[in-house]
> 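Sharing a structure, written as structure tokens. Questions coming.
Just so it is clear, the model here is predicted, and its values are computed rather than measured.
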Amino acid sequence: MCRKLVVTNEIFLGARAICYEAYSLPKGEVVELTEKQIKDAIKGNTTDEIYGLALSETNELILDAEHFFCTNMMKKIHTNTLIPMIEEDCLANLFYIVIGTHKEKGKKVYEVVSSRYERTCFEEEKVKALLDMGIISAGARMRDGEIEVAPLEHPHTVVSTENTPT
């Protein structure tokens with residue numbers, strides 16, 4: 001079964017990174033993954049789909065700014081202590097990640113999950129404000145004054161069945 005895993009936090013033991021936490025859609029489970037497990041999933045060696053991280057040309061994990069618009073992530077360095085991975089100009093102790101949209105009472109709302117795993121919905125004005133402040137760290141970005149939401153679909157290889165005997 002394919003899991004959609006949105007990476008939310010990197011977990012440290014002292015100064016050493018030990019794993020990542022991911023939010024599993026649609027169940028809402030928190031899953032811990034090693035760097036190797038994430039790399040294998042990104043390479044397509046598992047059925048899991050990873051959102052928020054990508055592989056660099058040197059096979060290192062990097063923030064997926066291109067496809068999932070990930071600009072930052074939280075690091076859990078101690079019990080109940082989250083700090084931004086990229087601390088420059090960021091005073092936040094909580095990030096939100098946009099994971100989808102839907103309509104409520106005729107208005108478009110944005111589904112988000114926080115780095116502390118609160119799942120909620122925000123209206124467009126709040127999403128724009130949080131994007132401007134850098135508190136939405138992934139899943140959406142501003143483009144030409146409009147909110148662009150990253151798709152939670154990876155392209156799949158289509159297998160041709162034209163020459164398959166019936």
> Less than 4.0 angstrom from a charged side-chain N to a carboxylate O is my criterion; do Glu29 and Arg3 meet it?
no
> Can you name the nearest heavy-atom pair linking Glu104 to Cys121, along with the distance?
OE2-SG, 4.3 Å
> Of the non-hydrogen atoms in Pro84 and Asn72, which two are nearest, and what is the gap between them?
CB-ND2, 3.8 Å
> Quick one: CD1 on Ile135 to CD1 on Ile97, what's the gap to the nearest 0.5 Å?
13.5 Å
> Is it the case that the side chain of Glu146 and the backbone of Arg143 share a donor-acceptor pair, with hydrogens and angles ignored and the cut-off at 3.5 Å?
no
> Could you check whether any side-chain heavy atom of Glu118 comes within less than 4.5 Å of a side-chain heavy atom of Val113, counting everything from C-beta outward?
no
> Do the side chain of Thr8 and the main chain of Ser115 share a donor and acceptor less than 3.5 angstrom apart?
no
> Is the distance between the ring centroids of Tyr110 and Phe122 under 6.0 Å?
no
> Passes salt bridge (Lys or Arg N to Asp or Glu O under 4.0 Å), Lys108 versus Glu124? Steps please.
CA-CA 7 Å; Lys108 187 176 190 178; Glu124 185 173 11; over 6 Å; no
> Only one of Leu55, Asp64, Asp48, Asn59 clears side-chain contact (heavy atoms from CB on, under 4.5 Å) with Ile42; which?
Leu55
> Nearest 0.5 angstrom please: Phe68 CZ to Arg141 CZ, how far?
12.0 Å
> For the residue pair Ile11 and Lys76, what are the closest heavy atoms and their distance?
CD1-CB, 3.5 Å
> Let's go through Glu21 and Tyr117 carefully: what are the C-alpha distance in whole Å and the side-chain angles of both, what is the deciding distance for side chain to side chain donor-acceptor pair (under 3.5 Å) to 0.1 Å, and is it a yes or a no?
CA-CA 10 Å; Glu21 288 180 331; Tyr117 303 106; 3.0 Å; yes
> Do you reckon Phe69 sits in the same ILVMFWY cluster as Phe95, going by side-chain contacts under 4.5 Å, direct or chained?
no
> Roughly how far apart are Ile136 CD1 and Lys126 NZ, rounded to 0.5 Å?
9.5 Å
> Rounded to the nearest 0.5 Å, what separation is found between the CG atom of Leu33 and the CD atom of Glu35?
11.5 Å
> Check the pair Glu10, Lys75 against salt bridge (Lys or Arg N to Asp or Glu O under 4.0 Å), reporting the backbone distance first and the verdict last.
CA-CA 5 Å; Glu10 186 175 16; Lys75 297 189 312 187; over 6 Å; no
> Evaluate the side-chain proximity of Glu111 to Thr101: yes if any heavy-atom separation is below 4.5 Å, no if none is.
no
> Less than 4.5 Å apart, any side-chain heavy atom of Glu49 and any of Cys2?
yes
> For Asp132 and Lys128, what are the C-alpha separation, side-chain angles and deciding distance, and is it a salt bridge (Lys or Arg N to Asp or Glu O under 4.0 Å)?
CA-CA 6 Å; Asp132 188 48; Lys128 284 182 178 181; over 6 Å; no
> Hey, quick one: are Tyr96 and Met133 part of the same hydrophobic cluster, counting side-chain heavy atoms closer than 4.5 Å, chains of contacts allowed?
yes
> Would you find a donor on one side and an acceptor on the other, under 3.5 Å apart, between the side chain of Ser56 and the backbone of Glu60?
yes
> Looking only at non-hydrogen atoms, find the nearest pair between Glu87 and Ile83 and report the distance.
OE2-CD1, 4.0 Å
> Hey, could you give me the NZ/OG distance between Lys4 and Ser24, rounded to the nearest 0.5 Å?
10.5 Å
> Taking atom CD of Glu125 and atom CG of Leu130, what is their separation to the nearest 0.5 Å?
11.5 Å
> Linking I/L/V/M/F/W/Y whenever their side-chain heavy atoms sit closer than 4.5 Å, directly or via other members, would Val31 and Leu61 fall into one cluster?
yes
> As a test of understanding, state which of Asn93, Ile77, Asn9 forms a side-chain contact (heavy atoms from CB on, under 4.5 Å) with Leu82.
Asn9
> Would you say Leu53 and Ile86 are hydrophobically clustered, going by side-chain heavy atoms of ILVMFWY under 4.5 Å?
yes
> By the definition side-chain contact (heavy atoms from CB on, under 4.5 Å), identify the one residue from Leu152, Val149, Val112 that meets it with Ile99.
Leu152
> Side-chain heavy atoms under 4.5 angstrom apart, residues restricted to Ile, Leu, Val, Met, Phe, Trp, Tyr: same cluster for Met74 and Ile18?
no
